[in-house]
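Notes to accompany the following structure.
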Number of protein chains: 2
Amino acid sequence: MRPGTHRPSVPLEHRHVTRRIPQARDRGIPDATVARLPLYLRALNGLSERGTPTVSSEDLAMAAGVNSAKLRKDLSHLGSYGTRGVGYDVQYLIYQISRELGLTQDWAVAIVGVGNLGRALANYGGFASRGFRIAGLLDADPAVVGDRIAGLVVEHTDELESVIAGRAVSIVVIATPATAAQHVCDRVTEAGVTSILNFAPVVLNVPEGVDVRKVDLSIELQILAFHEQRKANGGPIMAEEWPGGVEQVNERSIGASS
Amino acid sequence: MRPGTHRPSVPLEHRHVTRRIPQARDRGIPDATVARLPLYLRALNGLSERGTPTVSSEDLAMAAGVNSAKLRKDLSHLGSYGTRGVGYDVQYLIYQISRELGLTQDWAVAIVGVGNLGRALANYGGFASRGFRIAGLLDADPAVVGDRIAGLVVEHTDELESVIAGRAVSIVVIATPATAAQHVCDRVTEAGVTSILNFAPVVLNVPEGVDVRKVDLSIELQILAFHEQRKANGGPIMAEEWPGGVEQVNERSIGASS
DNA sequence: GTGCCTTTGTGAAGCTACGCACAAAGTGAG
DNA sequence: CTCACTTTGTGCGTAGCTTCACAAAGGCAC
């Protein structure tokens, strides 16, 4: 398209090598890529179940809902696992992605907060299927402690530290009310946990080195509402900037967030 | 405060601004900004409950867990709602963000799939609190239809189209098993819904103009596992490439090529 | 009014991500 | 072997997001 961009075919490896070596197995896999790897893995498992031996980047990208160039670049960060003219071996690629994501080992997960959401999570099949094992269910409510859910007996949160230490829990899912989340978070990080999946609608404060991922239903809905509104009337209404009253939004309209 | 609103018929280009007119109400709010607005809103509501009248970008950014420059730039996309030397009026900013997100109007939401997750969602307080009203619960299982959950009676998915049309549902939450998700998605988009929140672990295919947001527990866990593994041993093991060695491509007992 | 202090709003630089387009590398036919 | 064809891996231009740093703007004291 732009012939001018084509440089004379001079060997390029004579550049100054002050930069760090790119190295196929570089530790620096972009976050955006990491976030897509599970998607590829899921698509590959679908292909595997149907017995497909190999797949092209085009087809796999289609199944995962991404651009094929992006897929190839993502996979190139793991190594050169494809065969030109053929594609990727499905089983082999499943193994490589699984290994990169750390799914070839077993992860003990504890769920704190066994309300509606906690129960749903405990019963969710997707956990066990890929190296994640629920090692404990904990709740602060004595009425819930002792219940049997998904084959586990709910324990009291007093046991939090001993459960984490005793069962080598490395990932904690927080499904408590918003008010309890930070306290639970403090305790589990103090106990050495460095990976947290938070469902409570609060911003968790964590020490350096601790990873928090957040799942927030209410935020997702609000983002949808924004786009929906824009679709409905080419953008927000230019209406008055402050509808009459002084206190039109007051305390109790929100905050019941849990 | 906003001169343009007070002089609706005055051509704006007469202002002595030589640059491109930034136009406070520019339609182009970056996606990254939109995704953070709900976060600010939540932090502001917390401040509001404590009766704080104004807040600086520094404090609000702290509460929302972001950089203060980013916060200011985000807010600047909505308009110039701060006062230099003072900060932002909490109530006023709550109103402006709510309006921009479309939360000043009522959104009817239908939840399809009333399993563990669907129940958890129906009982989740965060929905009703901010302009989102659950207008229908639907499930394909006759054993569930008729149950009363969170004040609503579960209806059969046969009623999907009539519920959507009859109750002006504009956002649908899909909490069905993965196998049913695409079918439900097809039906609701056909019925005119353009905003979907998908909890099923599949990539949904939707027509142009339909917005899908995805919440996927298993993907979040896998991302955590990746980082956890890296923390544990400075990166994935460089170990053997393929543990089984020989048996790479002998899964083709099915031969389902068509 | 003048001067000082605080805090916003934003230009500009740096960084990350995306996707096109194509050379390189492989397969398979003859 | 050569030739034709397929598909990967990646260089590169572009677009968008983040962060810094500072001028502009408002409040307050006097």
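Just so it is clear: chains get the letters A, B, ... in the order the sequence lines come, proteins before strands, and each one is counted from 1.
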In whole angstroms, the gap separating C1' of D/dT19 from CD of B/Glu58 amounts to 13 Å
Distance-only donor-acceptor test (3.5 Å): side chain B/Arg84, base C/dT7: no
Do B/Leu37 and B/Leu78 make a side-chain contact, defined as non-hydrogen atoms from C-beta onward lying under 4.5 Å apart? yes
Do B/Leu93 and B/Leu75 have side chains that get closer than 4.5 Å, going by heavy atoms? yes
Can a side chain N or O of B/Tyr88 be found less than 4.0 Å away from OP1 or OP2 on D/dG26? no
Please give me the minimum heavy-atom distance between B/Arg230 and A/Ile29, naming the atom from each residue. NH2-N, 4.0 Å
N or O in side chain of B/Ser57 less than 4.0 angstrom from C/dT7 OP1/OP2: no
Of residues 61-75 of chain B, the positions that come close to DNA chain D - non-hydrogen atoms, cut-off under 4.0 Å: B/Asn67, B/Ala69, B/Lys70, B/Arg72, B/Lys73
Output yes when at least one side-chain N/O atom of A/Ser80 is less than 4.0 Å from OP1 or OP2 of D/dG9, else no. yes
Give a yes or no answer on whether the side chain of B/Gln182 reaches the backbone of B/Asn205 with a donor-acceptor pair at less than 3.5 Å. yes
B/Asp211 side chain reached by A/Ile223 side chain, heavy atoms, under 4.5 Å: no
Between D/dT8 (P) and A/Leu93 (CG): distance, integer Å: 11 Å
Of B/Val86 and B/Pro30, whose nearest nucleotide on DNA chain D comes first from the 5' end? B/Pro30
Would you call A/Arg42 and B/Asp216 a salt bridge, taking side-chain N to carboxylate O under 4.0 Å as the test? yes
For the side chain of A/Asp186 and the backbone of A/Glu190, is there at least one donor-acceptor N/O pair under 3.5 Å apart? no
Between the side chains of B/Glu228 and A/Ser170, is a donor N or O closer than 3.5 angstrom to an acceptor N or O? no
Distance in angstrom units between A/Asp59 CG and D/dT8 C1', rounded: 14 Å
Could you state the atom-to-atom distance from OH of A/Tyr40 to P of D/dT8 in whole Å? 13 Å
With the side chain counted from C-beta on, respond yes when A/Leu103 and B/Gln229 share a heavy-atom pair under 4.5 Å apart, and no when they do not. no
Neighbours of DNA chain C within residues 31-39 of chain A, by heavy-atom distance under 4.0 Å: A/Asp31, A/Ala32, A/Arg36
